[in-house]
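Everything on this sheet refers to the single structure shown next.
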There are 2 protein chains.
Amino acid sequence: MRLLVVDDDPPIADLVATVARYEGWDAVTANTGEEALRLAGEFHPDIVVLDLMLPGVDGFGVLDRLRRSGTMVPVVFLTARDGVADRVAGLTRGGDDYLVKPFAVEELMARLRTVLRRSAGPDFQRSVLRVGELSMDEDTHEVRHGEKPLTLTPTEYEVLRFLMRKSPTVMTKAQILDHVWEYGFGGRSNVVELVVSRLRRKLDDTSGSGTPLIQTVRGFGYVIRRAGE
Amino acid sequence: MRLLVVDDDPPIADLVATVARYEGWDAVTANTGEEALRLAGEFHPDIVVLDLMLPGVDGFGVLDRLRRSGTMVPVVFLTARDGVADRVAGLTRGGDDYLVKPFAVEELMARLRTVLRRSAGPDFQRSVLRVGELSMDEDTHEVRHGEKPLTLTPTEYEVLRFLMRKSPTVMTKAQILDHVWEYGFGGRSNVVELVVSRLRRKLDDTSGSGTPLIQTVRGFGYVIRRAGE
DNA sequence: CGGAACCTGTCGGGAACCTGTCGGACAGCT
DNA sequence: AGCTGTCCGACAGGTTCCCGACAGGTTCCG
């Protein structure tokens with residue numbers, strides 16, 4: 001999978017590229033619109049992450065020229081919270097998507113995967129995470145424990161997804177914070193504990209089993225493991 | 001494996017380099033940002049340990065220039081407990097990682113190995129330590145003796161991991177202290193004996209075999225050896 | 001037999017963790 | 001715009017459990 005990241009802020013571009021490589025993708029970064037267009041021609045990405053605030057040729061211009069040159073590569077836009085959000089909305093047909101800065105990295109990767117899956121064809125299959133009795137459909141956002149459907153808040157959903165993706169590896173609270181919350185969040189508090197606590201209440205009320213689904217590994221962090229392991 | 005350590009405090013840099021060499025790696029140290037950049041160019045490290053508090057070009061600057069010059073070498077950051085931790089978090093979502101000073105050397109080495117394993121490719125396999133009947137999965141934190149799973153406290157876990165990793169070499173109490181506890185720990189007491197004692201109780205209750213898993217070499221230290229050797 | 005090295009029981013301080021509560025922020029609706 | 005419900009994170013109180021100081025006992029060796 002080949003990813004082109006376009007952002008004039010090198011740390012952000014690198015951040016995204018690094019995460020993508022960590023997932024096993026090829027990734028290149030561009031800091032200007034011109035560079036982006038050049039790389040698009042040479043690198044032939046399967047998907048593009050495109051910041052709309054660019055010096056010189058801006059994001060819309062880049063998109064325009066990309067499309068004009070006939071490439072239908074899907075694009076996920078990045079935008080600041082204010083302003084252009086409306087105009088972006090108009091662009092997100094055709095399988096594309098957008099994200100507001102600052103974003104959480106897991107969120108971005110999730111959207112990239114969704115967009116890719118959709119653009120692969122009309123007959124894409126659902127991506128469903130499963131760990132033991134738990135299942136999570138990343139398209140419909142349906143989460144069930146056994147037969148029982150659960151309704152989770154956004155934060156709960158993200159934390160649970162992260163733990164399910166990493167299962168059965170133990171994740172520290174710092175790692176969960178870094179991946180699920182927006183970058184730059186100064187969470188000095190016990191947010192993670194709090195969300196885990198709320199999750200447990202929803203998850204474990206369902207089953208009477210003794211061992212909780214999300215286990216605490218004292219001094220290290222949390223894991224989600226299928227029962228008996 | 002080639003390691004570049006960047007820290008303006010020579011004792012710290014040397015400490016890390018020494019441990020790495022002891023593990024069979026090539027290691028060089030730099031005490032300033034400029035030196036770090038020069039060495040990165042000459043030495044071509046596979047991984048970098050980078051203190052963020054540097055005189056002159058600071059850690060972020062070094063990282064920036066490294067990335068700008070196209071090198072994707074993974075980095076593990078060192079940082080004081082206060083302040084910059086948030087900014088670091090933003091940088092560590094990829095394969096990279098960070099550690100808060102003061103740290104324990106084994107902790108650092110463990111993270112270096114994890115980062116290297118991850119950046120080697122998406123298809124890395126789990127790292128499981130085995131000595132005889134004992135097995136320890138460093139990702140899931142599962143420790144078992146034969147079939148029986150053990151639950152260890154953080155300190156017990158670290159000491160056992162250290163002994164397993166060094167097995168069948170005898171380690172002195174001083175070495176164990178230096179590697180598992182944070183540097184600067186004033187433990188004049190018999191902490192190591194204490195932890196070993198507690199470990200033995202957990203380990204040996206499992207098997208009725210006569211020889212304890214962790215053996216005392218009187219006058220030298222402790223070893224963990226597979227039975228009968 | 002005497003001392004050094006080692007083992008282990010106990011216990012208090014404190015770290016790590018859990019959970020209840022509450023107010024601010026935000027979205028949806030009328 | 002005003003109202004209402006929901007979500008989220010700050011704060012604080014309570015609980016569990018770790019860990020290292022201390023001390024007394026045991027083993028080993030010269």
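The sequence lines fix the lettering, A, B, ..., with proteins before strands; numbering per chain opens at 1.
- At whole-Å resolution of the value, CD1 in B:Ile176 and P in D:dG20 are 14 Å apart.
- End-to-end axis angle of the helix from C:dC1-D:dG30 to C:dT30-D:dA1, from C1' rotation axes over five pairs per end: 30° (rounded to 10 degrees).
- Between A:Trp181 and the phosphate of D:dG9, there is a side-chain N or O to OP1/OP2 separation shorter than 4.0 Å.
- With sequence neighbours excluded, the residues that form a side chain to side chain donor-acceptor pair (under 3.5 Å) with B:Arg165 are B:Glu138.
- The side chain to side chain donor-acceptor pair (under 3.5 Å) test applied to A:Asp64 returns A:Arg68, not counting sequence neighbours.
- Using a 30° and 60° split on the angle between ring planes, B:Tyr183 and B:Phe103 fall in the perpendicular class, above 60°.
- Comment: A:Lys202 engages A:Glu156 in a salt bridge, judged by a side-chain N to carboxylate O separation of less than 4.0 angstrom.
- Straight-line distance from the CD atom of A:Glu158 to the C1' atom of D:dG9: 17 Å, rounded to whole Å.
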In the 5'-to-3' direction, what one-character label does each nucleotide of nucleotides 13-23 of chain C receive under the scheme B = base within less than 4.0 Å of a protein heavy atom, S = sugar-phosphate only, - = no such atom?
---BSBBBB--
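- Between the P atom of D:dC19 and the CZ atom of B:Phe185 lies a distance of 11 Å, rounded to the nearest Å.
- Between A:Glu156 atom CD and D:dG9 atom C1' there is a gap of 13 Å when expressed in whole angstrom units.
- Contact of the A:Tyr222 side chain with the A:Thr216 side chain is registered, since non-hydrogen atoms from C-beta on lie closer than 4.5 Å.
- In this view, A:Arg113 and A:Glu23 satisfy the side chain to side chain donor-acceptor pair (under 3.5 Å) rule, not counting sequence neighbours.
- Only one option out of A:Thr169, A:Val223, A:Val217 pairs with B:His141 in a side-chain contact (heavy atoms from CB on, under 4.5 Å); it is A:Val217.
- The phosphate of D:dC17 has neither OP1 nor OP2 within less than 4.0 Å of any side-chain N or O from B:Thr153.
- Contacts of A:Arg198 classified as side chain to side chain donor-acceptor pair (under 3.5 Å), with partners at least two apart in sequence or in another chain: none.
- A straight line from CG of B:Leu199 to P of D:dG20 spans 13 Å, rounded to a whole angstrom.
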